[in-house]
Amino acid sequence: QVQLVESGGGSVQAGGSLRLSCAATVNIAASNTMGWFRQAPGKEREGVASIYPTYRRTRYADSVKGRFTISQDNAKTTLYLDMTSLKPEDTATYYCAAGRAVLSGATLVPGLNSRNYAYWGQGTQVTVSS
């Protein structure tokens with residue numbers, strides 16, 4: 001069974017940066033795909049970034065492209081989300097998740113839909129002030 005523990009959340013001013021980490025109890029590659037999601041109060045959970053480690057494929061939500069970077073360590077046991085140029089609208093609880101890649105045509109790619117992820121962390125709060 002996969003266990004995921006996030007860390008690195010906190011409060012930052014707009015324009016600042018944070019790095020989130022997610023420690024997995026099993027090799028991330030065994031879960032095929034890892035992702036970061038976020039949920040703000042009163043809003044649905046949304047996919048932020050995902051990675052298919054075997055082929056180093058990544059995917060980002062339009063709202064974070066160019067600002068956020070998803071990566072993993074060489075041992076594939078820790079997932080990261082580097083967040084730069086943070087905006088107040090990035091304020092949310094951020095969750096790490098493990099799941100399966102999805103088919104896009106004939107290619108397996110990491111998805112941003114929560115239904116493709118079976119394992120979830122407890123979340124870490126990110127607050128961006130203006």
Side-chain angles (χ1 to χ4, degrees):
Q1 186 170 350
V2 177
Q3 188 169 13
L4 308 169
V5 180
E6 304 97 334
S7 62
S11 297
V12 65
Q13 289 191 327
S17 301
L18 281 174
R19 173 178 248 203
L20 304 183
S21 299
C22 173
T25 57
V26 295
N27 189 310
I28 295 174
S31 300
N32 180 270
T33 294
M34 299 291 295
W36 286 99
F37 291 76
R38 67 186 181 186
Q39 188 167 19
K43 295 188 177 181
E44 293 186 354
R45 187 171 298 188
E46 64 170 341
V48 174
S50 57
I51 186 168
Y52 185 5
T54 302
Y55 297 102
R56 297 187 176 276
R57 293 173 183 153
T58 59
R59 187 171 177 182
Y60 296 91
D62 289 342
S63 59
V64 306
K65 280 181 182 177
R67 301 189 298 122
F68 290 10
T69 303
I70 189 171
S71 62
Q72 62 178 83
D73 67 337
N74 290 333
K76 296 183 174 65
T77 58
T78 304
L79 183 74
Y80 301 101
L81 184 68
D82 289 295
M83 306 185 294
T84 64
S85 301
L86 283 162
K87 305 175 182 179
E89 51 263 44
D90 294 318
T91 295
T93 300
Y94 283 72
Y95 298 89
C96 171
R100 306 293 296 178
V102 296
L103 273 175
S104 177
T107 304
L108 282 172
V109 298
L112 291 177
N113 192 315
S114 60
R115 66 186 178 190
N116 299 121
Y117 292 80
Y119 304 99
W120 295 83
Q122 83 289 350
T124 186
Q125 178 67 36
V126 172
T127 303
V128 184
S129 58
S130 57

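The figures that follow rest on heavy atoms only: side chains count, while hydrogens, waters and symmetry mates do not.
- A continuous path of ILVMFWY side-chain contacts below 4.5 Å connects L18 to Y94, so both sit in one hydrophobic cluster.
- Put simply, W120 and I70 are part of two different groups of oily side chains (I, L, V, M, F, W, Y) that touch within less than 4.5 Å, one to the next.
- Rounding to the nearest 0.5 Å places CD of E89 at 8.0 Å from CZ of R38.
- Side-chain contact check for R19 versus D82: some heavy-atom pair is nearer than 4.5 Å.
- Under the 4.5 Å side-chain heavy-atom criterion for ILVMFWY residues, a single connected hydrophobic cluster contains both V128 and W36.
- Proximity of a side-chain donor or acceptor of T25 to a complementary backbone N or O of Q3 within less than 3.5 Å is detected.
- S50 and P110 get closest at one heavy-atom pair: OG-CB, 3.2 Å.
- Within the 4.5 Å cutoff, the side chain of I51 has heavy atoms near those of the L79 side chain.
- N32 approaches Y52 most closely through the heavy-atom pair O-CD1, 2.9 Å.
- Residues M34 and L4 have side chains in contact (heavy-atom distance under 4.5 Å, counting atoms from C-beta outward).
- The ring-ring contact (aromatic ring centres under 6.0 Å, His included) with F37 is formed by just one residue from the set Y117, Y95, Y119; it is Y117.
- If you chain together ILVMFWY residues whose side-chain heavy atoms come under 4.5 Å of each other, V5 ends up in a group of its own.
- Rounded to the nearest 0.5 Å, atoms OG1 (T58) and CZ (F68) are 14.5 Å apart.
- Scanning all heavy atoms of the two residues, the minimum distance from G47 to A61 falls at O-CB, 3.4 Å.
- The CG atom of L20 sits 6.0 Å away from the OG1 atom of T124 when rounded to the nearest 0.5 Å.
- Taking each heavy atom of G111 and R59 in turn, the nearest pair found is CA-NH1, 3.9 Å.
- How far CD of Q13 is from CG of L86: 11.5 Å, rounded to the nearest 0.5 Å.
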K87/D90 under salt bridge (Lys or Arg N to Asp or Glu O under 4.0 Å): CA gap, chis, key distance, verdict: CA-CA 5 Å; K87 305 175 182 179; D90 294 318; over 6 Å; no

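- Scanning all heavy atoms of the two residues, the minimum distance from R57 to T107 falls at NH1-CG2, 3.3 Å.
- A chain of hydrophobic side-chain contacts below 4.5 Å, direct or via other Ile, Leu, Val, Met, Phe, Trp or Tyr residues, connects L103 to Y55.
- Inter-residue side-chain proximity for T69 and Y80 is flagged as unmet; no heavy-atom pair is nearer than 4.5 Å.
- Grouping the Ile, Leu, Val, Met, Phe, Trp and Tyr side chains by contacts below 4.5 angstrom, directly or via other members, places M83 with V12.
- Interatomic distance, L81 CG to E6 CD, rounded to the nearest 0.5 Å: 11.0 Å.
- Residue Q122 qualifies as enclosed at atom CD: its count of foreign heavy atoms under 6.0 Å is above 12.
- Side chains of T91 and V126 form no contact here, defined as non-hydrogen atoms less than 4.5 Å apart.
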